Number of protein chains: 2
Amino acid sequence: MNLTPAEENYLKGIYSLGVSRNGDISTNELAALLQTKPASVTDMLKKLAKKGMITYVKYQGVSVTTAGKKKALEITRRRKLWEVFLVEKLRLQWDELTELSDALEHVSSPLLLQRLDEYLGYPKFDPFGDPIPNEHGEMSENPRVAILDLSVEQSGKIIGVNDNSSSFLKYLDKAGIYIGAKILVLDKVDFDGSMELLIDNKRRQFISKEVAANILSMVY
Amino acid sequence: MNLTPAEENYLKGIYSLGVSRNGDISTNELAALLQTKPASVTDMLKKLAKKGMITYVKYQGVSVTTAGKKKALEITRRRKLWEVFLVEKLRLQWDELTELSDALEHVSSPLLLQRLDEYLGYPKFDPFGDPIPNEHGEMSENPRVAILDLSVEQSGKIIGVNDNSSSFLKYLDKAGIYIGAKILVLDKVDFDGSMELLIDNKRRQFISKEVAANILSMVY
DNA sequence: GTTTATTTTTAGGTATGACTAAAATATATT
DNA sequence: AATATATTTTAGTCATACCTAAAAATAAAC
Ligand SMILES: [Mn+2]
Ligand SMILES: [Mn+2]
Ligand SMILES: [Mn+2]
Ligand SMILES: [Mn+2]
């Protein structure tokens with residue numbers, strides 16, 4: 001069954017709310033996530049149910065079917081592969097991705113996806129460190145770890161932050177730390193938990209324990 | 001003024017029909033090109049006229065305004081840059097492009113376009129040998145030439161054909177001649193106009209005068 | 001210059017995907 | 001258990017982008 005871009009957006013939302021939860025998804029939750037009104041959500045739930053993508057009983061919430069989960073993973077795969085392309089090849093930044101991948105995730109051609117995957121070297125994680133489903137919907141474990149937990153001599157790639165405040169992001173910018181940067185732990189100070197990093201094989205940077213706890217990385 | 005994807009498709013159609021013609025474009029022509037009905041075209045012409053993209057007088061045909069031309073060239077630029085990406089980077093073939101570029105041409109972000117252009121090495125021609133407008137809408141001259149007109153020792157890239165019959169395309173396939181192939185003219189026979197080519201620096205291939213007249217190339 | 005044929009427009013309708021306001025249902029509170 | 005509150009659905013509307021059928025305008029034939 002083929003879905004419109006709007007239907008894909010809703011299905012993706014239902015799936016993503018569902019993964020970290022036992023029970024069903026509520027209409028209001030979905031409306032908040034998708035920035036629409038509850039009445040619009042109800043309309044769409046009927047369509048998705050008719051297409052066999054979700055299980056929906058009036059007033060009782062919603063969850064994805066097996067077919068819906070498969071489709072949601074496919075959309076997610078498309079999105080994340082484009083995100084890898086945008087970051088790795090076009091050098092776009094974290095905050096420049098959302099709008100573009102919201103559009104590109106709906107460009108669906110099996111051949112294109114297969115070639116893009118090959119071209120990118122079959123990446124297993126998106127630029128945020130989240131796993132990319134393969135053609136069968138299978139994903140690797142997420143090795144995301146705060147750099148505070150890295151040992152001396154370990155290296156990794158910056159994939160995200162726990163703190164999105166502009167003061168923190170501004171500090172990171174000043175310190176030369178950005179999404180995608182390669183880091184190597186040169187030293188850890190027992191006394192205060194501070195660390196010395198080597199960024200992109202050239203810049204040395206000291207960071208406090210507080211900062212290190214708020215930067216996430218993928219270990220190589 | 002911002003356009004919807006449908007409006008962009010119509011504008012592109014009006015512009016492309018207009019370039020190789022003095023007079024105005026007719027409703028029926030556009031309907032045929034866009035595979036819609038004349039009544040739908042009329043609806044859209046009103047919208048595009050209101051948005052200042054075209055000059056439209058009832059029953060009198062339509063032409064693009066200065067603003068419309070600028071927008072049409074921008075859409076064309078987006079499309080052709082994506083086409084270069086699909087062919088050069090993802091190795092898609094001629095006939096696999098249309099559907100994808102029809103969708104990708106509407107993904108419009110100045111930053112994305114700028115980065116894509118840079119990433120592709122600021123290409124001046126699309127995979128078919130047609131010029132790509134730059135950010136200002138300016139284009140290079142099209143150096144498309146039948147390989148029959150190449151001299152011995154000249155080399156170029158195959159960019160199209162004059163004959164789309166399946167018998168011809170089948171022959172080309174058998175002869176190892178495809179869109180994007182690099183060719184070098186090894187010999188030309190005065191007697192019958194036949195040629196010997198070197199394809200991709202490895203394969204030697206004889207072709208008749210008739211075949212050579214129907215293959216288009218870009219000279220390096 | 002009428003008549004005929006073709007082109008183009010209008011009128012009115014459908015499907016999608018939004019919305020507001022009101023009704024229905026479910027959940028909390030006392 | 002009754003009432004109040006919050007959630008969800010329905011009813012009805014709107015814009016976009018299509019469509020068919022009929023009317024209007026233009027172009028071609030006689
Ligand atoms: Mn989307
Ligand atoms: Mn298009
Ligand atoms: Mn109408
Ligand atoms: Mn309704």
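Every value quoted in this text rests on a predicted model; they were computed, and no experiment measured them. Protein chains get the first letters and strands the later ones, always in sequence-line order, with residue 1 at the start of each.
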Rounded to whole Å, the CG-P distance (A:Leu34 to C:dC19) equals 11 Å
Measure the distance from CG on A:Asp24 to P on D:dT8 and round it to the nearest whole Å. 11 Å
Show which side-chain atoms of residues 166-175 of chain A pair as donor or acceptor with protein atoms under 3.5 Å away, not counting sequence neighbours.
unit_1: A:Ser167; atom_1: OG; unit_2: A:Ser165; atom_2: OG; d: 3.4

Proximal nucleotide (of [options]) relative to the [X] side chain:
X	options	result
A:Lys37	D:dT9, D:dC18, C:dT20	C:dT20
A:Thr27	C:dT10, D:dT9, D:dC18	D:dT9
B:Met44	C:dT8, D:dC18, C:dT16	D:dC18

Strictly below 4.0 Å: does B:Lys46 bring a side-chain N or O up to OP1 or OP2 of C:dT10? yes
With a cut-off of less than 4.0 Å, is there a side-chain N or O of B:Asn28 near OP1 or OP2 of C:dT8? yes
Contacts of A:Tyr59 and B:Pro38 projected onto DNA chain C by closest heavy atom; the upstream (5') one is B:Pro38
For A:Glu105, is there an ion pair with A:Lys12 - N to carboxylate O distance below 4.0 angstrom? yes
Let me see the working for A:Ile177 and A:Ile207 under side-chain contact (heavy atoms from CB on, under 4.5 Å), right down to the final yes or no. CA-CA 10 Å; A:Ile177 296 169; A:Ile207 59 174; 4.1 Å; yes
Can you confirm if the NZ or CZ of B:Lys89 lies within 45° of the ring axis of B:Tyr119 and under 6.0 Å from the centre of its six-membered ring? yes
